[in-house]
Participant: 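So that we are looking at the same thing, I have put the structure below in structure tokens.
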Amino acid sequence: MKMRFRFGLVPGLLFAAGLYAQVDSIALRYAGTITPHELREHLTIIASDAYMGRDTGKEGQKMAAAYLKDQFIKAGIPPVPAPDPAMIVDGYFQPFDVVETRSGTITLEKDGRSYRYGRELIYFQETLREGEQVNGLVFVPARVQLPDARLNGRAVWMDADGRKGLAALGSLRSRMDALRTSGVALVFVSIEGISDVMSVVHVEDTRMRLADQKQQPDKSAREPQVIIVDKAAMNSLIGRALPAKWNRKKKLVEVPANFAIHVTEGEQRLTTENVLAYIEGTDKKDELVVLTAHYDHVGVKDGVVYNGADDDGTGTVAMIEIAEAFAEAKAAGHGPRRSVLVMTVSGEEKGLLGSRYYSDNPVFPLANTVADLNIDMIGRRDSAHATSAPYIYVIGSDRLSTGLHDANERANSTYVKLDLDYTFNAESDPNRFYYRSDHYNFARKGVPSVFYFSGVHEDYHQPDDDVEKIDFDLLHQRTLLTFHTAWILANQEQRIVVDRP
Ligand SMILES: [Zn+2]
């Protein structure tokens with residue numbers, strides 16, 4: 001989908017309406033401080049191995065936070081004058097606590113022998129919070145109709161009956177759903193060749209949530225714990241081999257069984273931080289234009305650093321340059337009329353945690369927040385644009401406010417002239433990108449938000465997302481588009497309004 005300027009045929013009218021694309025020479029002057037060279041310098045540092053993939057709450061992320069703060073200080077940006085000073089630490093940080101949960105906290109145990117996650121067991125969700133003793137199982141043959149009220153509250157066992165690997169699990173899916181509605185507490189599924197499943201299923205080693213975020217207890221309380229067990233291990237847990245004829249039965253089979261389930265404490269509390277640069281406005285300083293990009297990435301796995309140069313090193317260095325440009329303008333008496341908050345957020349890769357925290361605990365009132373311009377990955381080309389003219393995906397600009405959409409279009413047609421690609425802005429976009437980066441936490445609070453993105457590529461969330469693969473001319477142009485859109489929003493007479501449901 002491509003949108004064109006609606007009044008393109010009547011330029012005279014436009015001029016009268018003040019919408020004509022006039023070049024603002026002052027904006028252009030400070031845009032000139034944003035250079036491909038400086039973008040490269042910053043990115044080469046924060047996306048180097050020394051920064052250890054900037055994992056949330058870990059040393060690399062802390063180093064990146066310190067680097068960002070240093071850049072804001074060098075740009076002459078004073079500490080954030082938060083209305084509530086307790087919200088800001090060290091002048092530039094908004095700290096928040098997260099809880100990291102290790103996967104693999106459930107172990108089965110019988111006669112002094114342990115059966116562990118990744119070895120004899122696998123599961124995709126941990127809903128068990130405390131250990132239990134299993135005293136008896138109900139074997140559910142494939143021919144037994146489900147749901148079955150007699151299974152309510154019971155520990156049940158199903159067997160893949162010779163089918164192997166993922167196909168076995170797939171074939172059991174509808175039976176599992178029926179077990180859920182039967183109210184079972186625990187489900188053991190025995191399959192042969194569990195290592196085949198482990199080799200293809202990627203289970204994150206850790207998960208993270210905000211410390212003050214509820215764990216949806218109602219949902220997990222109703223969800224049974226499903227544990228997939230290697231068939232040989234299941235045999236030793238129940239002390240006998242599964243008789244082949246059981247799978248043919250038409251009735252439930254009560255199975256004597258006696259083993260323990262241990263759940264270890266896999267939680268660790270960490271502190272992480274958003275890093276803020278606030279450039280105070282002039283005559284409209286109570287109103288605020290926010291720019292965001294996440295500076296965290298996924299860290300180190302198996303000794304390999306995931307540098308996240310594009311994701312979202314590019315957005316991060318764009319933030320540094322945009323903050324500097326506004327600060328320079330302000331120092332020369334050309335500061336923005338509205339205030340500008342450049343915020344690099346943490347915890348994005350763990351579930352948009354930093355932006356979620358800010359939007360629930362805003363340093364400046366959301367009611368006065370005009371818009372959020374968010375950048376996440378703007379340094380490369382995707383396969384759809386391998387040889388196209390310079391482009392950018394624009395997502396969400398018109399969802400809440402035509403004013404935001406128009407400001408972005410105007411900034412582009414006046415200064416940058418990128419191909420604006422609205423493919424992912426479609427409500428029906430199966431990728432649901434609109435919901436997948438930090439702007440969404442502002443949009444869900446009713447703040448008009450736009451997401452700039454250059455698309456996924458083969459190195460997305462891979463160790464090879466490196467600086468050498470960044471197209472700095474494209475990164476530069478896309479940064480300029482964001483800067484000019486912010487400049488318009490911060491300086492135009494009328495604040496943009498929410499005019500879409
Ligand atoms: Zn990202």
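For ligands, and for the atoms within them, numbers begin at 1 and follow the listed sequence. All figures in this text were calculated on a predicted structure; none of them were measured in a lab.
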Participant: Mind checking whether F451 and H439 have ring centres under 6.0 Å apart?
Facilitator: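 So the answer is yes for these two rings.
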Participant: Does any N, O or S atom of E348, backbone or side chain, fall under 2.8 Å from the Zn ion (ligand 1)?
Facilitator: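 Within the cut-off used here (under 2.8 Å), E348 places no N, O or S atom near the Zn ion (ligand 1).
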Participant: Tell me which N, O or S atom from D376 is the closest to the Zn ion (ligand 1).
Facilitator: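 Minimum-distance N/O/S atom of D376 relative to the Zn ion (ligand 1) is OD1.
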Participant: Do F483 and F326 have ring centres separated by under 6.0 Å?
Facilitator: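 Close enough - the centres of the two rings lie under 6.0 Å apart.
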Participant: Among the N/O/S atoms of D311, select the one at the shortest distance from the Zn ion (ligand 1) and name it.
Facilitator: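 Among the N, O or S atoms of D311, the one closest to the Zn ion (ligand 1) is OD1.
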Participant: Would you name the N/O/S atom of H294 that lies closest to the Zn ion (ligand 1)?
Facilitator: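 Looking only at N, O and S atoms of H294, the one nearest the Zn ion (ligand 1) is named NE2.
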Participant: Can you pull the side chain to side chain donor-acceptor pair (under 3.5 Å) pairs that have at least one residue in residues 67-92, sequence neighbours excluded?
Facilitator: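 Listed once each, the pairs are H42-Y67.
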Participant: Angle class for the Y391/Y393 ring planes (parallel below 30°, perpendicular above 60°, tilted otherwise)?
Facilitator: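 Aromatic pair Y391/Y393 classed perpendicular.
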